[in-house]
Amino acid sequence: QVQLVESGGGLVQAGGSLRLSCAASGFIFSTYTMGWFRQAPGKEREFVAAIGWSSSYTNFADSVKGRFTISRDNAKKMVYLQMNSLKPEDTSVYYCAANRRPWGPGGMIGNPKGYDYWGQGTQVTVSS
């Protein structure tokens, strides 16, 4: 069955870094756009970053541009989110997700509804 398993979350001080990992199985990973979303208590799930199947395309939320990078390893079926210069407002549960649509406007890259599979999430807490 399809599985997305996130890891790497934790508690970090403001200005610090974390690297989230997501291990995928049960689907043809190399053909899917992969995304990271986050959700804080009482808030809607929001887009963080996405990467196309070949790593040629990436997209980031304005709030994380210049601080976060996304990468993937199709051979290992892994996707990563490197988070630098973390801020208290980055505190959230972070989710890995897979999107089967082609990259582009119709791909709903930044919309949670465009994603077919989701992980269980990993907590990131940034202290001030």
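Going from atom OG1 of T33 over to atom CH2 of W103 covers 5.5 Å, rounded to the nearest 0.5 Å. In this structure, CG in D90 is found 11.0 Å from OG1 in T125, a value given to the nearest 0.5 Å. Residue Y117 holds its OH atom at 13.0 Å from CD of Q3, rounded to the nearest 0.5 Å. Interatomic distance, CD of Q123 versus OG1 of T91, reported as 7.0 Å (0.5 Å rounding). Taken to the nearest 0.5 Å, the CE atom of M78 stands 12.0 Å off from the CZ atom of R72.
Between Y95 and V48 the shortest side-chain heavy-atom distance does not fall below 4.5 Å. Side-chain contact between F68 and W36 is absent, with no heavy-atom pair separated by less than 4.5 Å. Taking the side chain as every heavy atom from C-beta outward, R45 and W118 approach each other to under 4.5 Å. Side-chain atoms of M83 and V124, non-hydrogen and from C-beta on, do get closer than 4.5 Å to each other.
Residue L18 comes nearest to L86 through the heavy atom pair N-CD1, 3.8 Å, listed as atom of the first residue, atom of the second, then distance. Residues N74 and F29 share a closest heavy-atom pair of OD1-CE2, 3.2 Å. Shortest non-hydrogen contact noted between Y32 and A98 is CD2-CB, 3.7 Å. For M34 against C96, the heavy-atom pair with the smallest separation is CE-SG, 3.7 Å. Scanning both residues, P88 and S128, for their nearest heavy atoms gives CG-CB, 3.8 Å. Of all heavy-atom pairs spanning S92 and R38, the tightest one is CB-CB, 3.6 Å.
Distance alone, capped at 3.5 Å, is enough to place a donor-acceptor pair between the R101 side chain and the G114 backbone. No donor-acceptor pair closer than 3.5 Å links the side chain of Y94 to the backbone N or O of S7.
A continuous path of Ile, Leu, Val, Met, Phe, Trp and Tyr side chains, each step under 4.5 Å between heavy atoms, connects L4 with L81, placing both in one hydrophobic cluster.
Heavy-atom contacts from other residues, nucleotides or ligands closer than 6.0 Å to CD1 of I28 number 12 or fewer.
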- Go through L20 and E6 one step at a time and tell me if the side-chain contact (heavy atoms from CB on, under 4.5 Å) criterion holds. CA-CA 7 Å; L20 304 184; E6 301 96 336; over 6 Å; no
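Using a cut-off of 4.0 Å between Lys/Arg side-chain N and Asp/Glu carboxylate O, D62 and K65 are scored as salt-bridged.
Applying the side-chain hydrogen bond (donor to acceptor under 3.5 Å, both in side chains) test to pairs two or more places apart or on separate chains, those with a residue in residues 75-84 are S17-N84, Q82-N84.
Cation-pi geometry between R100 and F27 is not satisfied (NZ or CZ under 6.0 Å from the ring centre, within 45° of the ring normal).
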Show which side-chain atoms of residues 49-59 pair as donor or acceptor with protein atoms under 3.5 Å away, not counting sequence neighbours.
unit_1, atom_1, unit_2, atom_2, d
S54, OG, S56, N, 3.4
S54, OG, S56, OG, 2.9

